[in-house]
Amino acid sequence: MNAAADTAIHYYGNYSPVGDIIVIGTCIVFFVLMKFAYNIKNKNYRVLQVMISSLLVAAVSNVTCHILLNIRDSVPAFLIYFSRVLMHIGYFLNLFLFVIYVKEPLQLEKKTRKIITSMAGTAFLVLMGFDICGTVFRFGFYMDENKQIHEAWSYLFACGYIFYVGLIAFLLLYYRGRMVRQILYAILGTLGVSLVIMGVQGSHGQSSFTTACFMLPVIALLYMIHSNPYNIEIGAVNLSAFEDMITYAHNKKQKRILMCLLMPEFEGTGKRYPREIQETIRQFTQVYFNEAVLFQVSNGRMILVIDVAKNPHYEESMHLILDQFMVEHQRFQLDYKIVFLQTSPALSEKHDYLRMLQYMESSMEINSFRMAEEKDYEDFAKRNYVLSQLEDIKKVGDLNDPRVSVYCQPVLNIATGKYDTAEALMRLSLPGMGMVFPDIFIPLAEEHNLIHALSEIILFKTCVRIKKLLGQGFNVQRISVNFTVSELKDPKFCDDIKSIINDVGIPNDKIAIEITESQNDREFRIVKDRINELRKDGIKFYLDDFGTGYSNFERIMELPFDIIKFDRSLVIACGTDEKSEKMVEHLASMFSAMNYSVLYEGVETEQDEEKCIHMCAKYLQGYKYSKPIPIDDLIKWFEKVAS
């Protein structure tokens, strides 16, 4: 008997199936948990499933191989060879897939991905080819005519294992800045433990825990990346799981029905649902639908997602759940809004569904429900397109962006009887959609913190036009541009304004800024500081929309405005009764006496004009004089300076 045969007998004789049996049980438990738990399903999730399957195959094959080896005198040799090769395929397929798996979270470049895949794939083919050829041509593992075991190149398996572990460790460490630190440490830690166990058992001529060593890093992947445990109190999973499910269903073209419950009392607060409500919600998820998944996407918003394929009678169940909800509502008396919608090609991004829900909720009355209709999807798609364009405008950062244009409404100067000022107005013209009304895009821009990018474009284009008008000899007293209080709160606001005006090269006093009154103490102080800083450079300020809501005169007097704009509603009020006219007249007189100029907007008739002039008007603006016009058309309204 030669040395290779002695080593093989010792190696295989020391085997105990306990490690592989544990792995088999663990793999089965994994599949059970993955069936009933909510896991983050993506491309790598499928890779992970195959990795677990390969370990199950390897463990079963290892146990089978050793059983057959013990009775090798009475079984065909090819069964032993087949089970052994299948075991090694399972092992190295697992390692190959591990390399494929880590490419995604590391966000490797396309060229690097190809190189790594080629290296891992070539190693797999070489190892398997050598293993099979070694048996066929009897230079590796084989049994002779006397059923004696021979195994040369026994260290090849160890070399292959070290190669893959080294490749994985290299990728993780070299690109460590691209992966969450906790996940990186977990994977490296389990790889290190596996390597130590493999080394210890190898030094003792053992192979009992080989498969278990392959299993440890897989556990780390499943737990750290794909695990998304249920909230045990209410049976829900979180927002990231919801977005993952939406992406998965969209990619697979699977139809889902979403039932969203918004309870405003809990939204935006740290309050938790009372125990009775938790029990009721759990019951809803378990009784009415098969395998429905509940998501808690915020404190006050729950979304029940129903797989239509598993619930063919979902419409009937939806009516039943609504009826039961109304019964429970009588008991709890908590405000709600309920929206039903289904997965749709119109909602292609994972964030679209929450936005769609919020869009529908915004137009709903409290304690009501709505079923999304085709028009809702169409309107939201348009709204979403506008939002995507606004986001792109901000991202591009082009002050000459052709999608944003400036319109102006000329303002009549009562003292001169001429038009030498105007208000710049924001307009949006989008490819494939044309002109978008301000009441659509401005609230969207404000809601998503995109308004300042638009305001900067309007300011820049206004400055450019003023410079051209001045160069042509026109009398331009100033043009006002609207900004929101939220924009003024930005510490860079003053620098942004001055930078644009200076870069274009016009006098600062040719620009005025219109803002509405702030009702917040902190905002008031910030606004006051911003106004004072810019007024030092000659920029004038308008208080816009005076008379539309709450007005704190003490605050108004503290702010160094130049012009107070009386809203159209005050002009209308003057025409309704003498009392309103007297009140507006006294307000205007008071401002005039304190050196504020009064501008009335919304002047539409001769009667409006006469009343406003009588009520201390310095400037008049409205459809009586002109509708908003492209800023280039101001040349038709402004006059040249007399030479």
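On a predicted model such as this, the values are computed, not experimentally measured, just so you know. Keep in mind that the numbers below use all heavy atoms, side chains included, and drop hydrogens, waters and symmetry copies.
Ring geometry, F483 versus F493: the interplanar angle exceeds 60°, so the pair is classed perpendicular (tilted spans 30 to 60°). Using the six-membered ring where Trp is involved, Y359 and F380 have ring planes that are tilted, between 30° and 60° apart. Ring geometry for F242 against Y353 counts as perpendicular: the plane angle is over 60°, on a 0 to 90° scale with 30° as the lower cut.
For the pair D376 (side chain) and E373 (backbone), a donor-acceptor distance under 3.5 Å is present. The main-chain N or O of Q296 is never found under 3.5 Å from a side-chain atom of R301 such that the two would form a donor-acceptor pair. Looking only at distances, a side-chain donor or acceptor of Y600 sits under 3.5 Å from a matching main-chain atom of M615. Under a 3.5 Å cut-off, the side chain of N238 and the backbone N or O of A241 do form a donor-acceptor pair. Side-chain atoms of D608 come within 3.5 Å of backbone N or O of E604 as a donor-acceptor pair. Between the side chain of K461 and the backbone N or O of L399 there is no donor-acceptor pair closer than 3.5 Å. A donor-acceptor pair is defined here as one N or O able to donate and one able to accept, closer than 3.5 Å; no such pair exists between the side chain of D244 and the backbone of S240. At least one donor-acceptor pair under 3.5 Å links the side chain of E267 to the backbone N or O of G300. Within the 3.5 Å criterion, the main-chain N or O of L488 finds a donor-acceptor partner in the side chain of R530. Judged by distance alone, with hydrogens and angles left aside, the side-chain atoms of S368 form a donor-acceptor pair with the main-chain N or O of E365 at under 3.5 Å.
Annotation: F546 is in aromatic contact with F566 [ring centroid separation under 6.0 Å]. Two rings, from Y336 and F369, have their centers 6.0 Å or more apart.
Counting all heavy atoms, side chain and backbone alike, Q342 lies closest to Y377 at N-OH, 2.9 Å. Pairing each heavy atom of N44 with each of P105, the nearest pair is ND2-CD, 3.7 Å. Across all their heavy atoms, A424 and C408 have their closest contact at CA-SG, 3.9 Å. The heavy-atom pair separating L470 from P507 by the smallest distance is CD1-CD, 4.1 Å. Annotation for A445 and L454: closest pair CB-CD1, 3.9 Å, computed over non-hydrogen atoms. The minimum heavy-atom distance between M302 and A236, with the atom names listed, is CE-CB, 4.0 Å.
With 3.5 Å as the limit, one finds no donor-acceptor pair spanning the side chains of E423 and Q409. Under 3.5 Å, the side chains of R403 and Q389 contain a donor-acceptor pair of N or O atoms. The closest side-chain donor-acceptor pair between E514 and S480 falls under 3.5 angstrom.
The shortest side-chain heavy-atom distance between I563 and F541 does not fall under the 4.5 Å cut-off. Under the 4.5 Å side-chain criterion, counting only non-hydrogen atoms from C-beta, E456 is in contact with D496. Residues I479 and C463 have side chains not in contact (no heavy-atom distance under 4.5 Å, counting atoms from C-beta outward). Contact of the V603 side chain with the Y619 side chain is not registered, since no non-hydrogen atoms from C-beta on lie closer than 4.5 Å. Counting only heavy atoms from C-beta outward, the side chains of R181 and R176 never approach each other to under 4.5 Å. Looking at V571 and V584, their side chains never come closer than 4.5 Å, going by heavy atoms from C-beta outward. You'll find the side chain of I539 reaches within 4.5 Å of the side chain of I501, heavy atoms only. Counting only heavy atoms from C-beta outward, the side chains of V411 and D420 never approach each other to under 4.5 Å.
For R427 and Y407, the positive end sits near the middle of the six-membered ring, less than 6.0 Å away and at most 45° from its axis. With a 6.0 Å cutoff to the six-membered ring centre and a 45° limit on the axis angle, K640 counts as a cation-pi contact of F474.
Contact check on K540 versus D509 returns no salt bridge, with no Lys/Arg side-chain nitrogen under 4.0 Å from an Asp/Glu carboxylate oxygen. The pair E585-K611 does not count as a salt bridge, with every side-chain nitrogen at least 4.0 angstrom from each carboxylate oxygen. Look at R478 and D562 and you find no salt bridge, because none of the NZ, NE, NH1 or NH2 atoms lies under 4.0 Å from a carboxylate O. With respect to the salt-bridge test (charged N to carboxylate O, under 4.0 angstrom), the residues R355 and E243 do not qualify.
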Exercise for the section: Under the side-chain hydrogen bond (donor to acceptor under 3.5 Å, both in side chains) rule, what do Y175 and Q107 come out as? Steps first, then yes or no, please. Expected result: CA-CA 9 Å; Y175 296 101; Q107 302 175 21; over 6 Å; no
Practice task
Please assess V404 against L428 for the test side-chain contact (heavy atoms from CB on, under 4.5 Å), listing each intermediate value before the final yes or no.
Solution key: CA-CA 5 Å; V404 184; L428 197 66; 4.0 Å; yes
Exercise for the section: Applying salt bridge (charged side-chain N to carboxylate O under 4.0 Å, His left out), run through D537 and K498 and close with a yes or a no. Expected result: CA-CA 9 Å; D537 294 311; K498 289 186 282 189; 3.7 Å; yes
Problem - L173 and L184: CA distance, side-chain angles, deciding distance, side-chain contact (heavy atoms from CB on, under 4.5 Å) verdict - result: CA-CA 8 Å; L173 291 172; L184 175 69; 5.5 Å; no
Exercise for the section: Test side-chain contact (heavy atoms from CB on, under 4.5 Å) on S592 and V598 and set out the steps. Expected result: CA-CA 7 Å; S592 295; V598 175; 3.9 Å; yes
Practice task
Please lay out, stage by stage, how E487 and T484 fare under the test side-chain hydrogen bond (donor to acceptor under 3.5 Å, both in side chains).
Solution key: CA-CA 5 Å; E487 291 178 80; T484 65; 3.2 Å; yes
Problem - E104/R178 under salt bridge (charged side-chain N to carboxylate O under 4.0 Å, His left out): CA gap, chis, key distance, verdict - result: CA-CA 10 Å; E104 291 299 323; R178 301 183 182 183; over 6 Å; no
Problem - Verdict with supporting geometry, K565 and E601, salt bridge (charged side-chain N to carboxylate O under 4.0 Å, His left out) - result: CA-CA 7 Å; K565 292 186 71 171; E601 56 183 346; 3.4 Å; yes
Exercise for the section: Could you walk me through whether D379 and R383 pass salt bridge (charged side-chain N to carboxylate O under 4.0 Å, His left out), step by step? Expected result: CA-CA 6 Å; D379 290 346; R383 182 180 184 272; over 6 Å; no
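No more than 12 heavy atoms of other residues, nucleotides or ligands sit less than 6.0 Å from atom NZ of K468. Other residues, nucleotides and ligands contribute more than 12 heavy atoms inside 6.0 Å of the CE atom of M371. A 6.0 Å sphere centred on CG of N449 holds no more than 12 heavy atoms belonging to other residues, nucleotides or ligands.
In this structure, E533 CD and I497 CD1 are separated by 11.0 Å, a value rounded to the nearest 0.5 Å. We find the CD1-CG distance between I631 and L469 to be 7.5 Å, quoted to the nearest 0.5 Å. For the atom pair R256 CZ and H250 NE2, the distance stands at 13.0 Å (nearest 0.5 Å). A distance of 7.0 Å separates NZ of K536 from CG of N532, quoted to the nearest 0.5 Å. Residue N413 holds its CG atom at 9.0 Å from CG of N475, rounded to the nearest 0.5 Å. Annotation: the span from L304 atom CG to C260 atom SG amounts to 10.5 Å, rounded to 0.5 Å.
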